[in-house]
Undergrad: 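Sharing a structure below in structure tokens format, with a few things to ask.
Please read all numbers here as calculations on a predicted model, not as lab measurements.
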Amino acid sequence: MRRICFTLQVRPDRMAEYRRRHAAVWPDMLAALKRAGWHDYSLFLRDDGLLVGYFLAEDLDAALAAMETTEVNARWQAEMAPFFADLPGGRPDRGFRVLTEIFHLEEQLGEQQ
């Protein structure tokens, strides 16, 4: 299972509404993410609007492709796009920047045993 971490920038004037929208994500969106292989998915929002997302997936490209086939994802991306600044591709799921993992405690502990 691969750990994926990504960033996006939420517009400062939209942060309160962004938080409200994520307090009650549509049930069909939650189900689609689960079916598409997104596991342990979390979002973290800094006071300046930096959004950091984290999830586990067997294959990032396959997880994104599975979501692309769902109608609920198209609706969700259209609703979420106005919340973000500097969004290449016009959709959050196409514009997030994946970070390179450089440290993982369990992996290094496992190497020492």
Side-chain angles (χ1 to χ4, degrees):
M1 191 76 62
R2 178 178 169 198
R3 291 174 297 281
I4 294 116
C5 184
F6 65 87
T7 62
L8 285 161
Q9 186 66 43
V10 177
R11 296 177 185 278
D13 61 323
R14 304 296 306 267
M15 287 177 37
E17 178 64 17
Y18 187 80
R19 283 186 177 99
R20 280 193 294 278
R21 296 282 187 102
H22 283 81
V25 173
W26 305 333
D28 49 342
M29 184 62 174
L30 299 173
L33 286 163
K34 185 173 181 74
R35 281 191 309 272
W38 295 54
H39 305 280
D40 198 26
Y41 186 17
S42 295
L43 295 172
F44 303 87
L45 184 60
R46 203 166 68 178
D47 289 342
D48 66 355
L50 177 67
L51 180 76
V52 177
Y54 170 86
F55 65 99
L56 301 173
E58 290 294 332
D59 179 322
L60 174 59
D61 292 333
L64 291 170
M67 286 304 293
E68 188 66 29
T69 68
T70 67
E71 180 274 334
V72 68
N73 187 57
R75 283 190 295 121
W76 182 263
Q77 298 307 319
E79 290 227 0
M80 292 298 109
F83 289 91
F84 296 98
D86 303 321
L87 192 59
R91 286 178 35 176
D93 63 343
R94 293 184 183 160
F96 63 69
R97 294 174 188 94
V98 175
L99 303 178
T100 302
E101 183 177 30
I102 62 165
F103 171 80
H104 186 249
L105 177 64
E106 281 72 21
E107 284 182 6
Q108 288 196 19
L109 287 173
E111 291 173 5
Q112 295 176 6
Q113 297 177 16

Undergrad: Measure the shortest side-chain to side-chain distance between Phe6 and Leu43 over non-hydrogen atoms and say whether it is less than 4.5 angstrom.
TA: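 With C-beta onward as the side chain, the pair touches.
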
Undergrad: How long is the straight-line distance from CG of Leu50 back to CG of Leu8, given to the nearest 0.5 Å?
TA: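 Interatomic distance, Leu8 CG to Leu50 CG, rounded to 0.5 Å: 9.0 Å.
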
Undergrad: Measure across Ala66 and Ala36 and return the closest heavy-atom pair with its distance rounded to 0.1 Å.
TA: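 Smallest heavy-atom distance, with atoms named: CB-CB, 3.5 Å.
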
Undergrad: Does Leu30 reach the side chain of Trp38, with side-chain heavy atoms less than 4.5 Å apart?
TA: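 Sidechains of Trp38 and Leu30: no contact.
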
Undergrad: Mind checking what makes ring-ring contact (aromatic ring centres under 6.0 Å, His included) contact with His22, not counting sequence neighbours?
TA: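 If we apply the ring-ring contact (aromatic ring centres under 6.0 Å, His included) test to His22, skipping adjacent residues, the hits are Tyr18, Trp76.
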
Undergrad: If you define the side chain from C-beta out and look only at heavy atoms, does anything of Arg21 sit under 4.5 Å from Glu79?
TA: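 In contact.
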
Undergrad: Could you check if a side-chain atom of Arg3 sits within less than 4.5 angstrom of a side-chain atom of Asp40, using non-hydrogen atoms only?
TA: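 The answer is no; the side chains never approach within 4.5 Å.
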
Undergrad: Apply salt bridge (Lys or Arg N to Asp or Glu O under 4.0 Å) to Arg11 and list each qualifying residue two or more places apart in sequence or on a separate chain.
TA: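 Salt bridge (Lys or Arg N to Asp or Glu O under 4.0 Å) check on Arg11 returns nothing, list empty.
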
Undergrad: Could you report the tightest heavy-atom contact between Asn73 and Met29, atom names first, then the distance?
TA: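 Closest approach of Asn73 to Met29: OD1-CE, 3.4 Å.
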
Undergrad: Using a 4.5 Å cut-off on heavy atoms from C-beta on, say whether the side chain of Glu58 contacts that of Arg2.
TA: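 A side-chain contact under 4.5 Å is absent here.
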
Undergrad: Applying salt bridge (charged side-chain N to carboxylate O under 4.0 Å, His left out), which residue pairs with at least one partner in residues 26-37 are found, sequence neighbours left out?
TA: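 The answer is Asp28-Arg75.
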
Undergrad: Enter the distance from Leu45:CG to Gln9:CD here, rounded to the nearest 0.5 Å.
TA: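 It is 8.5 Å, given to the nearest 0.5 Å.
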
